[in-house]
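Computed over heavy atoms, backbone and side chain alike; hydrogens, waters and symmetry mates excluded.
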Amino acid sequence: MRADVTIDKRQVGRRFDRHASSYDDHAHVQQAMADRLMERVAATGVAPAGVLELGCGTGYLTERLVRRFPGARITAVDLADGMVRAARERLGPGARVELAVADVEEVPWDGRRFDLVVSNATIQWLAAPAATMASLGRALAPGGVMLHATFGPQTFRELFTALDRVEAARALPSRRHGLTLLAAAEWAELLRAGGLVD
């Protein structure tokens with residue numbers, strides 16, 4: 001599914017490191033997505049002992065998870081060190097969150113089980129989404145819940161159309177702009193293939 005785009009994780013991590021201090025100033029869409037994701041989490045009725053957050057960024061969603069599940073063991077990971085530092089600062093000293101700089105596609109969960117796995121604006125960066133969903137499925141406790149909020153194929157459509165027009169008007173070679181963003185049905189299929197049930 002990602003044959004047309006190669007994701008350079010080091011480059012992605014560096015980009016997010018550079019912008020960690022100002023990320024929240026511009027992440028209004030991501031924050032609205034996180035708020036809606038928390039509504040979905042609440043609707044499941046899950047009362048997790050263990051929570052895994054993928055791509056915690058500056059800790060916006062992490063903070064909400066801590067408030068919603070004060071007794072849960074929360075593990076939050078992000079590819080960018082700067083983002084994890086920002087999350088640590090947001091959460092403050094004494095936060096009951098294990099924060100880690102890690103590539104979620106490379107973490108061997110070593111038999112750890114989570115009752116809730118969540119991510120916000122993260123899974124579109126996965127280089128091998130099928131394998132990663134299968135790995136996360138193995139880390140999900142029996143009866144656990146996995147919820148992801150991400151961007152779809154129509155995201156940035158207007159921008160990409162404008163770029164295509166500029167390229168055509170200036171006789172520039174047409175090229176792919178941005179990531180290949182999967183539709184909800186494609187993500188659902190990847191989750192089912194990973195042994196998860198909708």
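- One finds the CZ atom of Phe151 at 5.5 Å from the CD atom of Gln124 (value rounded to the nearest 0.5 Å).
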Just do the side chain to side chain contact (heavy atoms under 4.5 Å, CB included) check on His148 and Met133 with the steps written out, would you?
CA-CA 11 Å; His148 305 285; Met133 288 301 152; 3.9 Å; yes
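- Using a 4.5 Å heavy-atom cutoff, the side chains of Leu116 and Leu65 are in contact.
- Closest approach of Asp115 and Ala141 over heavy atoms only: OD1-CB, 3.5 Å.
- Residues Met146 and Val118 form no side-chain contact, since every pair of their non-hydrogen atoms from C-beta on lies 4.5 Å or further apart.
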I would like to know whether Arg96 and Phe69 meet side chain to side chain contact (heavy atoms under 4.5 Å, CB included); could you show each step before the answer?
CA-CA 11 Å; Arg96 301 164 327 282; Phe69 305 114; over 6 Å; no
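- Counting heavy atoms of neighbouring residues, nucleotides and ligands inside a 6.0 Å radius, atom CZ of Arg36 does not exceed 12 of them.
- One side chain, Arg112 or Thr75, offers a donor N or O that lies under 3.5 Å from an acceptor on the other.
- Side chain of Arg40 to backbone of Ala149: no donor-acceptor contact under 3.5 angstrom is found.
- Across Leu52, Val107, Leu191, Ile123, a single residue satisfies side-chain contact (heavy atoms from CB on, under 4.5 Å) together with Leu136, and that is Leu52.
- Panel note: side chain Asn120, backbone Gln30; a donor-acceptor pair is recorded below 3.5 Å.
- For Arg64, the salt bridge (charged side-chain N to carboxylate O under 4.0 Å, His left out) partners are Asp35, not counting sequence neighbours.
- The cluster map of Ile, Leu, Val, Met, Phe, Trp and Tyr, joined by side-chain heavy atoms under 4.5 Å apart, puts Ile74 and Val84 in the same cluster.
- A donor-acceptor contact shorter than 3.5 Å is absent between the side chain of Asp78 and the backbone of Val101.
- Minimum heavy-atom separation, Leu190 to Ala130: CD2-CB, 3.5 Å.
- Trp187 and Leu140 fall within a single hydrophobic cluster, where Ile, Leu, Val, Met, Phe, Trp and Tyr are joined by side-chain heavy atoms under 4.5 Å apart, directly or via other members.
- Residue Leu147 holds its CG atom at 10.0 Å from CE of Met38, rounded to the nearest 0.5 Å.
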Show your working on side chain to side chain contact (heavy atoms under 4.5 Å, CB included) between Arg73 and Val51 and close with a plain yes or no.
CA-CA 6 Å; Arg73 183 190 77 252; Val51 177; over 6 Å; no
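- Between the side chain of Ser135 and the main chain of Ala131, no donor-acceptor pair closer than 3.5 Å is present.
- Shown here are the side-chain contact (heavy atoms from CB on, under 4.5 Å) partners of Glu89, two or more places apart in sequence or in another chain: there are none.
- The structure places CH2 of Trp125 at 10.0 Å from OG1 of Thr150, a figure rounded to the nearest 0.5 Å.
- By the 4.5 Å heavy-atom criterion applied to side chains, Met33 and Leu37 are not counted as neighbours.
- Side chain of Thr44 to backbone of Val41: a donor-acceptor contact under 3.5 angstrom is found.
- The minimum heavy-atom distance linking Pro70 with Arg67 is given by the pair CD-O, 3.7 Å.
- Between the Glu106 side chain and the Asp103 main chain, no donor and acceptor come within less than 3.5 Å of each other.
- One hydrophobic cluster holds both Leu61 and Val66 under the rule that ILVMFWY side chains link at heavy-atom gaps under 4.5 Å.
- Separating the OG1 atom in Thr62 from the CZ atom in Arg88 is a distance of 11.0 Å, to the nearest 0.5 Å.
- Proximity of Glu98 to Val77: side-chain heavy atoms (C-beta onward) are nowhere separated by under 4.5 Å.
- Scanning all heavy atoms of the two residues, the minimum distance from Ala76 to Cys56 falls at CB-CB, 3.7 Å.
- With contacts defined as side-chain heavy-atom distances shorter than 4.5 Å, the pair Leu91/Leu99 qualifies.
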Between Leu126 and Val104, is a side chain to side chain contact (heavy atoms under 4.5 Å, CB included) present by the stated rule, with each step listed?
CA-CA 9 Å; Leu126 299 177; Val104 299; 3.9 Å; yes
